[in-house]
Amino acid sequence: MGIKNKKLRVRFAPSPTGYLHIGGARTALFNWLYARHYNGSFILRIEDTDRMRSTPEAVKAILDGMKWLGLDWDEGPEKGGEYGPYFQTERLDLYREFVDKLLEIGAAYYCYCSAEELAGRRKKQFADGKPAIYDRKCLNLSEAEKRQLEKEGKKPAIRLKMPDRKIVVHDLIKGRMEFDSKLLSDFVIEKSDGIPTYNFAVVIDDILMDISLVMRGDDHISNTPKQIVIYQALDIAIPEFAHIPMIMGPDNTRLSKRHGATSVMEYQRMGFLPEAVLNYIAHLGWSSGTNQEIFSIKELIENFTLDKISNHSAIFDMEKLNWFNNEYLKRLSDEKYVEMLIPFLKDAGYIELPLSEEKERWLRKVASLMKSRVRNFKQFLEYGDYFFIEGFTVEDNAVKILEQNRVRGILEHLVKRLKEIKDWKEENIESEVREMANQLNLKGKQIIHPTRVSLSGKTIGPGLFSLMEALGKEINIKRLEKTIHKLNKN
RNA sequence: GGCGCAAUCGAAUAGUGGUUAAUUCAGCUGGCUCUCAAUCAGCAAACGGGGGUUCAAUUCCCCCUUGCGCCA
């Protein structure tokens, strides 16, 4: 692995066929952490040779996801770099050069077999229980035969000739893996349309971009021996490899749309903090070896090493992500919390911008009440709707509380007393309510529960008296009277 | 079908040739409390199976099983 004295360079190389999903983000994160830990370079490369499925929108989505998570790249799209271009479709000439070279030295050859022919022969191999290997029909075609085939209008693909030997992969995470090249096919490196295949383009790019360590999902393990053969055919030093375990859905299958939110940007929309998402996915397949759960970005960088990556797949657990997010949310100052919350309130139509000083102060108070009770901003909108609108949701089990005995009388009495309060402060409200409970020989909760339901439509939430203060006297009275009115009708 | 990778509480991870196998999330019980969170105290919960190696295996080796991936 003669790359000892070279600068450390890693890359993340997504295909722009969709958004940046959790698994890709984790691969990007590990590469990024590795580069930052060892002071290397982190390169972003877009593998868009699949022109049918690649879109500019997907490129943007991936870039947006990376930016939101704070995974900045040293070279790549929008940034450039001396190893560019960083889009594979802009590198076609480069691949062509290497294909020519392999052809020239006899390490690759033209193949005129059609897809149908191939499929037929493969079927037979399959039926015979043999590995699906190209039968080398076109390996020794004479020039005349080739000319004849081309005259028939056949466009050749180009295959790499597999050497007959064991291929050993030294993986930094999986250890030594051995593959028998006899079981590997002479795979296509350039399709008949002139586009290089994935396995070929990756290798050429990694060579040209001086990548010193290839870190990627372990679904690529089977590709690795094929890629190594290309390095060897070209007589170029093989980089190091590190195959990291994948992230699975709760049913232990590959993470997909079926599992709900798999795009990192969906987490932004749901009101998660990028730090929390990063912290969580860092723990999927990696651990510091200590009991520490919460890591700042800086701490992740400091602690990240490959030997602490586990070697089995991990299941994505939304609940734990929620917990992480709540931890980060709680640590936010009220000011910062409100600042992040405002766009969500705005989108929900709960507030109008710009905000007055006073309203902003009030928002901070509300935030401090809700902070520990809410796990993401989307949930804030759901649990805290009554702070902003009259049409707040009313829980089914909340209605039952209002149907209990004496509730109407209690609320009527309460309204009278609340109207008397001059200074609408939590302490004053509480002493008024407590006093009323005493005089009427009631338990505090007999007043508190129906009041909460009337004010918020919910059975859960912040302490009632701070909630009442935050809502303001008028709204308290209005909502209580509304409940009384409803009870009168029944 | 061929090849490969993997296997510790429900989930994520620690950990060890001899341990009461640990932590966090989730779950449950209790304290606090007007509810819910938060918080505090506690409970429950795992080494996939079978062979070896060894005085001793969850740990090392092999096989099986299961899961996952790649190939088409």
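What you see is a predicted model; the values in this text were computed from it and never measured. The chains referred to below are lettered A, B, ... by the order of the sequence lines, with proteins before strands, and numbering in each begins at 1.
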Of the listed nucleotides [options], the one nearest the side chain of [X]:
{"X": "A:Asn223", "options": "B:A26, B:C5, B:C70", "answer": "B:C70"}
{"X": "A:Phe179", "options": "B:C3, B:U13, B:C34", "answer": "B:C3"}
{"X": "A:Ala314", "options": "B:C36, B:A12, B:C68", "answer": "B:A12"}
{"X": "A:Met177", "options": "B:C70, B:C3, B:C5", "answer": "B:C5"}
{"X": "A:Arg452", "options": "B:U13, B:G69, B:C34", "answer": "B:C34"}
{"X": "A:Arg254", "options": "B:G69, B:C5, B:C36", "answer": "B:G69"}
{"X": "A:Arg434", "options": "B:C34, B:C70, B:U13", "answer": "B:C34"}
{"X": "A:Ile315", "options": "B:A11, B:C36, B:C68", "answer": "B:A11"}

Note to self: Can you tell me whether the side chain of A:Ser222 and the base of B:G4 have a donor-acceptor pair closer than 3.5 Å?
What the structure shows: no
Check: Would you say the base of B:U35 and the side-chain of A:Lys458 have a donor-acceptor pair closer than 3.5 Å?
Finding: no
Next item on the list: Check RNA chain B against residues 323-333 of chain A and give the residues with a non-hydrogen atom under 4.0 Å, in numerical order.
Entry: A:Trp323, A:Lys330
Item checked: Of residues 366-393 of chain A, the positions that come close to RNA chain B - non-hydrogen atoms, cut-off under 4.0 Å -> A:Ser372, A:Arg373
Atom pair distance, as rounded to whole Å: [atom1] in [X] and [atom2] in [N]:
{"X": "A:Asp171", "N": "B:G4", "atom1": "CG", "atom2": "C1'", "answer": "12 Å"}
{"X": "A:Lys182", "N": "B:G4", "atom1": "NZ", "atom2": "P", "answer": "13 Å"}
{"X": "A:Asn311", "N": "B:A14", "atom1": "CG", "atom2": "C1'", "answer": "14 Å"}
{"X": "A:His312", "N": "B:A14", "atom1": "NE2", "atom2": "C1'", "answer": "11 Å"}
{"X": "A:Leu255", "N": "B:G67", "atom1": "CG", "atom2": "P", "answer": "19 Å"}
{"X": "A:Asp219", "N": "B:A6", "atom1": "CG", "atom2": "C1'", "answer": "14 Å"}
{"X": "A:Asn199", "N": "B:G4", "atom1": "CG", "atom2": "P", "answer": "18 Å"}

Check: How long is the span from the CD1 atom in A:Ile238 to the CD1 atom in A:Ile167, to the nearest 0.5 Å?
Finding: 9.5 Å
Next item on the list: Remember a base hit wins even if backbone is also touched, and classify A:Gly289 as base, sugar-phosphate or nothing at under 4.0 Å, heavy atoms.
Entry: sugar-phosphate
Item checked: Involving RNA chain B, stems made of at least three consecutive Watson-Crick or G-U pairs, both distances under 3.5 Å -> B:1-7 with B:65-71, B:10-13 with B:22-25, B:27-31 with B:39-43, B:48-52 with B:60-64
Notebook entry, point to check: Regarding A:Arg159 and the six-membered ring of A:Phe187, is the cationic atom NZ or CZ under 6.0 Å from the ring centre and inside 45° of its axis?
Noted result: no
Next item on the list: Would you name the heavy atoms of A:Pro462 and A:Leu467 that are closest together and state the gap between them?
Entry: CD-CD1, 4.0 Å
Item checked: Pairwise 5' ranking along RNA chain B for A:His283 and A:His449, keeping only the more 5' one -> A:His283
Check: Parallel under 30°, tilted from 30 to 60°, perpendicular over 60°: which one fits the rings of A:Phe344 and A:Phe377?
Finding: tilted
